[in-house]
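The structure under discussion appears below in the form of structure tokens.
What you see is a predicted model; the values in this text were computed from it and never measured. Order of the sequence lines fixes the chain letters, A, B, ..., with proteins taken first and strands second; residue numbering starts at 1 for each chain. Below, all heavy atoms of this structure are taken into account, side chains as well, without hydrogens, waters or symmetry copies.
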Number of protein chains: 2
Amino acid sequence: MATMPTSTARRANGGTAAKILDVAERLVQSRGYNGFSYADVAEELGITKASLHYHFAGKAELGEALIKRYAERFINSLREIDKDGGNAASKLDAYAELYAGVIRKRRMCLCGMLAADVDTLPSALRDAVRAFFDENETWLEHVLEQGKQERELRYEGRARDQAQFIIGALEGAMLVARPYRDADRFEASARRLLSTLAVPQTASR
Amino acid sequence: MATMPTSTARRANGGTAAKILDVAERLVQSRGYNGFSYADVAEELGITKASLHYHFAGKAELGEALIKRYAERFINSLREIDKDGGNAASKLDAYAELYAGVIRKRRMCLCGMLAADVDTLPSALRDAVRAFFDENETWLEHVLEQGKQERELRYEGRARDQAQFIIGALEGAMLVARPYRDADRFEASARRLLSTLAVPQTASR
DNA sequence: GTCTATAGGCAGATAGAC
DNA sequence: GTCTATCTGCCTATAGAC
């Protein structure tokens, strides 16, 4: 009896399920949840739609697997930033760079795209999108608190609210840059955002 | 020989074309360009899909008419803000309030939504989305320059770049608020954005 | 202007052979 | 695991009557 692959690929990469996720992820990030089909994915991989259904029962399950993998990778990237152990300002730089890498590939953040489509999504996907933003918020909140303590960052009010603002500003900068196909446009806004948080360098030393 | 209605309604409101635009606008703003159909619009209006094609030849033409009307109304709102003749800070408040009104209706900015869908749009729609953001940018640029001159607003660098940042931040705040169905979340981010621009009140007078 | 009827295609999905 | 074959339904769009 063949082992059913779980919705996460059995091997880290190269398995068919992983390849499906790779293609579907790119399609959702560029065309949206309602702008891609099983046929698109199947054609690109040279397999049939029926084979896709073996790996992912339906589009909803594929979507859930997409967010799950994307969120895991993103959170792992945040842990890497923490491990690198820089100051709070450099962590924010690295955070914005995660977004920049996405738009340079002419993609939107997966969960930003799904936030646009949210009214058409199965509720499990909507919950997963929220969880993604919540995790980002929590990570940013800690960085912002660290930055305030160490007098590297300045902002008014609660760190959590500032974190929400940062996520929105970065997602929106990506969104508006899309029709221009201009990653520089995103990067200029990201620099501006971070500069409003930076404590001005004193002339001392 | 019957007069063909132009893609803009002949009467200001109430005409079938205008009703079609009303319904389609709401659907695009909540479900995205690929998340609504002629059937959705027809059913809601109690007419047939074929009748829709009389007013708008195809989905692309309907989309163009949607952006055209939306942009005209938005620009008119900006002119109204100018006519009210407040200071630059109050103009920015009013600008953010335009966005807040949209999200309170549980909608996304039409052009923000289309920015997400941009890779699937006819090129005429993509051009119109860009033109919308360009016009917003130009208006904001003038307000920001006014505000700097009158020492009501503070920001670094060029007004045009700051304008781009503001648009992105507001669009993104709307986007991220969507999965939470929480207009307050948008408003908190908008207030935070505007407060970073406000010149601190001196204790004098 | 709105309708009925229909076209032709694509959507997501399933049964069952190999 | 992947295939062929097929289903049902929805999509955009058109022809032509009223």
Could you list the donor-acceptor pairs under 3.5 angstrom formed between side-chain atoms of residues 112-125 of chain B and any protein atom two or more places apart in sequence or on another chain?
from, atom 1, to, atom 2, distance (Å)
B:Asp117, OD2, B:Tyr33, N, 2.8
B:Thr120, OG1, B:Asn34, ND2, 2.9
B:Thr120, OG1, B:Asp117, O, 2.8

Between [N] atom [atom2] and [X] atom [atom1], what is the distance in whole Å?
X	N	atom1	atom2	answer
B:Asn34	C:dA11	CG	P	11 Å
A:His55	C:dG12	NE2	C1'	17 Å
A:Ile20	C:dG12	CD1	P	14 Å
B:Leu52	C:dT2	CG	P	10 Å

Using a cut-off of 4.0 Å between protein heavy atoms and nucleotide atoms, how would you tag nucleotides 12-18 of chain D 5' to 3' with B, S and -?
-> BBBB---

At under 4.0 Å, does any side-chain N or O of B:Ser51 touch on OP1 or OP2 of C:dG1?
->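 Checking C:dG1 against B:Ser51, no side-chain N or O comes under 4.0 Å of OP1 or OP2.
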
Distance check: side-chain N/O of A:Thr48 vs OP1/OP2 of D:dT4, anything under 4.0 Å?
->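 For D:dT4, OP1/OP2 do not have a side-chain N/O of A:Thr48 under 4.0 Å.
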
By ring pair (Phe, Tyr, Trp, His ring centres under 6.0 Å), which residues pair with A:Tyr70, not counting sequence neighbours?
->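 Residues passing ring pair (Phe, Tyr, Trp, His ring centres under 6.0 Å) with A:Tyr70: A:Phe132.
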
Ranking C:dA11, D:dT2, C:dT2 by distance to the side chain of A:Tyr54, first place goes to D:dT2

Should we count CD of B:Glu97 as having more than 12 external heavy atoms under 6.0 Å?
->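 More than 12 within 6.0 Å, yes.
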
Exercise: do B:Arg73 and B:Asn76 side chains pair donor with acceptor under 3.5 Å = no

Are A:Thr138 and A:Arg160 linked by a side-chain donor-acceptor pair shorter than 3.5 Å?
->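 Side chains of A:Thr138 and A:Arg160: pair found under 3.5 Å.
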
Ring geometry between A:Phe74 and A:Tyr99 (parallel below 30°, tilted from 30 to 60°, perpendicular above 60°) = perpendicular

